[in-house]
Structures are given as structure tokens and as C-alpha cells.
Amino acid sequence: MRAVPSILHIDMDAFFAAVEQRHKPSLRGKPVVVGGVGLRGVVSTASYEARVYGIGSAMPTAVARRRCPNAAYLFPRFGAYHEVSQVVMGLLREVTPLVEPVSLDEAFIDLAAMPDGGPGTVEDVRALARRISDQVEQRTGLTASVGAGTSKLVAKVASDAEKPHGCVVVAGGSEQEWLDPLPVRKLWGVGPATADRLLKLGATTVAQLRALSESELVGLLGHAWGGQLYRLSRGQDDREVSPDRETKSVSVEDTYPHDLMDRPAIRAAITELAERVVRRLKESGHTGRTVTVKARGHDFTTVTRSETLAAPTDDPRLLIPAALRLVDGAADAATGQMHGIRLLGVGISGLAEYAQGDLIAELEGLAAEEDEADGEPEREGEAAAVRAQPDPAPSAVPGATAPSAVPGAPSAVPAVTLYGPVPVASEGRRWLAGKDVRHAERGPGWVQGAGLGRVTVRFEGPDTPPGRIGTFSVDDPALEPVDSAEVARAALPARAVGH
DNA sequence: TCTGGGGTCCTAGGACCC
DNA sequence: TCTGGGGTCCTAGGACCC
């Protein structure tokens, strides 16, 4: 545990509303509410003038309008918020290289990572925190609240303590004393459900929470969270400020102003959402393996259904059908087969950096279809047959053979490119995926073969147990047969790749 | 009052493998 | 021959945050 409170949390005050007020002087000093303005909208941010009327985040806009009809109700302009956010984050990066943005309006920074080692005393920290706060105001015209502590938890709670425009520094050694009188709800991660459970054990303040034993908390809240809260209530928090956290999932969802009442409307909506999420996935430079569909019924019953593909992909021709396979079951479960759907969503997780693995996912996806079609049982150690489909353009795969590049192939004729070491069928059931596929990147086992007609590739991958050989075939009667021997020969040395 | 949209992390059970 | 335990993956749901 560090002695100097060198972790800072910077939190912009009523950020979205403040940006709007800066943008439009006529809104200054007036109640401003930013959020969904439609029938089913909720408040994202209320200006301090609006909070006086009891308006707060996550409140239905309809309620807010009743409480303060004269406020300005504005739809969020994320582009504008993003720009201001960049200015703030840039400023913080001038102070220290260790900046962890939490959201558009919030970040942790670690002063101990400053080139000169950072401030050595509480007073130095206080002076620097004030200077940062002043600079934010100068450069953006907006105010921020700053908290400083020896841990993320304390810094976060401190920034919230004197909002707006607060600056609270909690000296090393005084954390526990400072936290004790606070309601448990102030601790980061304690929401309504946890607070309720703690209340049953008689704990409403941090001091009372601290009187509980670790085993009591674990019994109440589960292993991870119980233990964590036991330590947090003592000001013990060794989480680092980490600048580049990986994205774990991408998702898109819509609440519809009027419930969707029939299957065609639901399927059309899910297709549109899936297209959007794939676009976002590609923009982020990722591929993903698991598709999740979310549905919420008229009575707010919310369910998810998910499916994991064999390998990460960003191909809409695999992802959209996956979403469509899931949506009927999800919608039925959310509505009890009656009434409408108020929300639909599509998410993709199991992300990987974009790699050529998506092509293999494509092949696997097609294999799954043929499985259903012919019902042919797979033999031990043998992969599913793969049927080429119209238009499987390999697109941006590095080194992929585009359909048009296959000599003599009509443009509508599919070409299939196999990369090696091609994932090996696991017990004949499915392709090894994800991490295994990454072994396929370049190297002596790299296989590329374009197949027209029936192409059967026998191969062994780096992880193939002795004696297990996968078989891969592409079958389309409309195509000319090609010699598969070359592909097969190229595939076999793949065995050496993994050593 | 009637509940957004984007995320993260955790739990628990079942399948499967060794 | 019968039974066991641990690890990993997948799915579904829930709590929480901004």
C-alpha cells in the first residue's frame, strides 16, 4: 500500500448537460435534461438546476417532465461529448502516462507514474489536484470533481464526496476513519441489491459493514464479491490503474416506442440490429465467437439466448443467421408467446483481434448446416463435411483467394480457401477454435488451396493427437473437379508446426 | 413513475474430458 | 467393473456502473 494518496479520480460534473449548456448560452443557469426524449426514454444526465426538482439519472423522462415541464429536454449528442472527453483525457496524459478512462466523463490517473516520481506529500498532491481541476476548466469551460487516495476505491469515493467542483484528498493512513461514517451505498459496487442484503445484517454504514466477518460476507454475497467487500470496507484495494483494458464484448440494443407484435417484424428488427453490431465489430478491428440475442417482453421480462461459433468471425453471413436462429426462442421466452416485444438486442463476445480465423468459422458454420441437412453421423476424429454456399467472399482475409481469382470460375461460383493447420475436428464433433486457430498464422504449415468441385483435405494440426486425422470436403455438383492432392500435401506438414 | 444503452464481472449448473 | 474428482467450456441470469 502506498503512503502518498497518488491515485486520482477525475469526474466531470453533470457532463452531458454541462456540454449542452456551454454549447448554448441560453441554457445556462436553467434546468437541462439530457436523455431519451421519446415515449420510453430515461434521463442520462440532469443539470444541477434540474436536480433541484428531484430529477436524476435513470429516471423515466416522462416522470422528469411531470416534475419539471419547463426544463430543456435534449437528445444526447455523443459526438460533442466525445470531443470534450478527448480534450480532458489529453490533458490528463500530459500529467502522467498512466491514465485509465472509465467512461467519457471519468478517469483514474496514477501520479506515481509521473516522470519525476510524482508528488511526495499530501500537500503536493492537493496542489496538483487543484491545478488539474483548474486546467480542465480553462480548456473545456466545464468543471470537474477530483478525488485522491491511496487506492482506486478511496479516490473514487473522494471525487464524489463534494460534487460539484470538489477536490478531496484522503491522506494515507486515514482511509478507514474517513470511510467509516459513509453509507455502504457510497462504496463502488454496492448497489440496491447488495445494500438490501447488508441491511438484513444490520449494516448501513461502512463502520457497521466492517464489523461483519469475512465468512458472513462471503455467505451473503458469494466468494468473489464477499471477499472483495470485506477488504474494500477496510480501505484495502490493490487494483492498479491500467490504461489499456481490452474490449470484451460489443452490443447493440433498441427499445421500440411500440411493442413489436409479430414474428416478421421481430426478425426484421433483429437482422437490422445484427447488421449494426457487425459494423461496430469491424470498426473496432475485432472478430467474435459468441452471439447473444436479448429480448424483453411487454412486462419487462428479459431473457438472453446465446450461441458460440467454432471460431471468431466478423462475417455477417455467419453472425446474422446465428442471431436469427436465436431470436424466436428468446422472444417466446420473453413474452410467453403472447403480447409484444419492447426491446431487442444483439451482442458479440469472445472477441479476438481480427485474424484469418474467420474463414475457418465460415467453413465450420457451413459444416453445421450440412450436418442438419443430411444427418450423416460423423466418425471419430473426422471433421464435418463442408458444403460451399453461394457468395462466401473471403473479403479482407490476408492472402485469401478471392472467388474472382479462381480461374474459370463464374463470379457466382464459390471458392473456398483453406488455411492450415486447419483446425482439427475434436472427436468428430466440432472444429477446434479460437486460440488453436491462431497457430495458423503463417509459418511452415500455412496452407492455401482454392477448391472447385469436390476437394477433400486430409490434415493433421499441431494439436492433433496421433491417429486423428480430420477430413474436410467441399462439394458442389455445379463445379468442376480439381486435383485435391496438392492441397492435401500442403496440409499434411502442418503437423510439424506446433512441434 | 414505469423503467435506455453501453459495458464489466460473477455465479451456477451441465457437458465433457482426463 | 464401478466410481470419483478436477478442470474447462458453454449457457443463462443477475448485479452493478456510467
Side-chain angles (χ1 to χ4, degrees), chain A residues 9 11-12 14-16 33-45 54-67 75-76 78 81 85 101-107 152 156 159-160 185-197 218 220-229 239 242 245-257 273 276-277 280 284 289-310 326 329-330 333-334 342-351 426-427 429-430 432-436 465:
Chain A
H9 182 254
D11 192 349
M12 303 295 290
F15 185 54
F16 294 179
V33 177
V34 180
V37 294
L39 228 50
R40 288 172 162 173
V42 300
V43 174
S44 291
T45 313
I55 298 174
S57 296
M59 171 182 287
T61 308
V63 177
R65 283 188 197 276
R66 236 163 284 144
R67 295 195 180 178
F75 196 78
F78 286 101
Y81 313 147
S85 181
V102 178
S103 63
L104 285 177
D105 71 327
E106 240 184 82
K152 279 178 147 181
K156 167 93 181 155
S159 74
D160 188 54
R185 211 47 188 80
K186 289 281 181 188
L187 295 181
W188 198 83
V190 176
T194 305
D196 259 14
R197 292 194 198 179
V218 168
L220 191 71
L221 304 170
H223 191 260
W225 182 219
Q228 171 89 323
L229 194 55
R239 289 171 296 181
S242 59
R245 293 198 304 177
E246 273 176 64
T247 304
K248 301 276 173 59
S249 65
V250 178
S251 67
V252 158
E253 65 185 54
D254 274 346
T255 293
Y256 301 98
L273 289 164
R276 257 156 66 194
V277 81
R280 294 251 317 276
S284 75
R289 278 187 72 204
T290 302
V291 178
T292 302
V293 165
K294 176 172 167 181
R296 175 171 291 158
H298 65 290
D299 68 348
F300 228 70
T301 302
T302 306
V303 303
T304 62
R305 292 290 180 271
S306 66
E307 180 182 316
T308 299
L309 305 173
L326 294 164
R342 67 177 285 144
L343 170 148
L344 288 173
V346 179
I348 300 175
S349 54
L351 301 190
S426 162
E427 296 292 335
R429 203 171 61 80
R430 62 184 178 203
L432 293 183
K435 51 187 180 282
D436 306 292

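Hydrogens, waters and symmetry mates are skipped; everything else that's a heavy atom, side chains included, is used.
Each of A:Lys248 and A:Ser44 has a nearest nucleotide on DNA chain B; the 5'-most of these lies closest to A:Ser44. Taking for each of A:Arg280 and A:Arg40 the nucleotide of DNA chain B with the nearest heavy atom, the 5'-most of the two is the partner of A:Arg40.
For A:Asp299 (side chain) and A:Thr301 (main-chain N/O), a donor-acceptor pair under 3.5 Å exists by modelled atom type. Formation of a donor-acceptor pair under 3.5 Å by the A:Thr61 side chain with backbone atoms of A:Gly41 is found in this model.
Taking every side-chain heavy atom of A:Trp188 into account, C:dC18 is the closest of C:dT11, B:dG4, C:dC18. Set against B:dG5, C:dA15, B:dT8, the side chain of A:Ser249 has B:dT8 as its closest nucleotide. Considering only the side chain of A:Thr194, C:dA15 comes nearest among C:dA15, C:dT11, B:dG5. Closest approach to the A:Glu253 side chain among B:dG7, C:dT11, B:dG5 is made by B:dG5 (side chain taken as heavy atoms from C-beta onward). Minimum atom distance to the side chain of A:Val252 is reached by B:dG6, of the listed B:dG6, B:dT11, B:dT3. Among the nucleotides B:dG6, C:dC17, C:dG13, the one closest to any side-chain atom of A:Lys156 is C:dC17. Picking from B:dT3, C:dC17, C:dA15 the nucleotide with the shortest atom distance to the side chain of A:Ala193 gives C:dA15. Distance from the side chain of A:Arg305 is smallest for C:dA12 among the nucleotides C:dA12, C:dC18, C:dC16. Considering only the side chain of A:Pro60, B:dT1 comes nearest among B:dT1, C:dC16, B:dG7. Between B:dG5, C:dT11, B:dC10, one nucleotide has an atom nearer to the side chain of A:Asp254 than all others, and that is B:dG5.
Using a 4.0 Å heavy-atom cutoff across all strands shown, A:Leu104 reaches no nucleic acid atom at all. No engagement by A:Ala62 is indicated, since no non-hydrogen atom pair under 4.0 Å with the nucleic acid exists. Here A:Val250 lies in heavy-atom contact (under 4.0 Å) with sugar-phosphate atoms only. Among the protein residues, A:Arg66 comes within range of the sugar-phosphate backbone only, with heavy atoms under 4.0 Å from sugar or phosphate atoms but none that close to a base. If you check every strand for non-hydrogen atoms under 4.0 Å, A:Val190 touches sugar and phosphate atoms only. Residue contacts for A:Gly191: at a heavy-atom cut-off of 4.0 Å it reaches the sugar-phosphate backbone alone, with no base atom in range.
The side chain of A:Arg342 contributes an N or O atom lying less than 4.0 Å from OP1 or OP2 of B:dT3. Side-chain nitrogen and oxygen atoms of A:Arg65 include none within less than 4.0 Å of the OP1 or OP2 phosphate oxygen of B:dT1. The side chain of A:Arg296 places no N or O atom within less than 4.0 Å of a non-bridging phosphate oxygen (OP1 or OP2) of B:dT3. Distances shorter than 4.0 Å separate none of the side-chain N or O atoms of A:Thr304 from OP1 or OP2 on C:dA12. Using a 4.0 Å cut-off, some side-chain N or O of A:Thr255 falls inside it from OP1 or OP2 of B:dG5. For A:Arg197 and C:dA15, the shortest distance from a side-chain N or O to OP1 or OP2 is not below 4.0 Å. Not one side-chain nitrogen or oxygen of A:Ser251 sits closer than 4.0 Å to the OP1 or OP2 atom of B:dG6.
Between the CZ atom of A:Arg67 and the C1' atom of B:dT1 there is a distance of 7 Å, rounded to whole Å. The nearest whole Å value for the distance from the CG atom in A:Asp160 to the C1' atom in C:dC18 is 12 Å. One atom, CG of A:Asp11, and another, P of C:dC18, lie 8 Å apart when rounded to the nearest Å. In this structure, A:Glu106 places its CD atom 19 Å from P of B:dG6, rounding to the nearest Å. For A:Leu273 and B:dG6, the CG to P distance is 9 Å, given to the nearest whole Å. Distance CG (A:Asp105) to C1' (C:dC18): 7 Å, rounded to an integer number of Å. Look at CG on A:Leu221: it is 17 Å from P on C:dG14, rounded to the nearest Å. Rounded to whole angstrom, the span from the NZ atom of A:Lys152 across to the P atom of C:dC16 amounts to 19 Å.
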*Which is it for A:Ser306 and A:Thr290 under the side chain to side chain donor-acceptor pair (under 3.5 Å) test, yes or no, and what are the steps along the way?*
CA-CA 7 Å; A:Ser306 66; A:Thr290 302; over 6 Å; no
_Full working for side chain to side chain donor-acceptor pair (under 3.5 Å) between A:Thr255 and A:Arg40_ = CA-CA 8 Å; A:Thr255 293; A:Arg40 288 172 162 173; over 6 Å; no
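Evaluation of the side chain to side chain donor-acceptor pair (under 3.5 Å) rule for A:Ser349 yields no partner, not counting sequence neighbours. Residues satisfying the side chain to side chain donor-acceptor pair (under 3.5 Å) test with A:Glu106, not counting sequence neighbours, are A:His9, A:Lys156.
For the P atoms, the distance linking B:dC2 with C:dC18 amounts to 26 Å, nearest Å. The separation of B:dG4 from C:dC16, taken at their C1' atoms, amounts to 15 Å, rounded to a whole angstrom.
Aromatic stacking of A:Phe300 on B:dT3: satisfied, with centres closer than 5.5 Å and planes within an angle under 30 degrees.
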*asked:* Counting Watson-Crick and G-U wobble pairs with both distances under 3.5 Å, what is the dot-bracket string for DNA chain B, 5' to 3', using [ ] for crossing pairs and | for pairs to another strand?
replied: ....||||||||||||||
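Shortest non-hydrogen contact noted between A:Ala195 and A:Arg185 is CB-CD, 3.8 Å. Taking both residues in full, the closest heavy atoms of A:Val291 and A:Val346 are given as CG1-CG1, 4.3 Å, listed atom of the first, atom of the second, then distance. Here the closest heavy-atom approach between residue A:Ser85 and residue A:Phe15 is recorded as N-CZ, 4.2 Å.
Between the side chains of A:Thr308 and A:Arg289, no donor-acceptor pair of N or O atoms lies under 3.5 Å.
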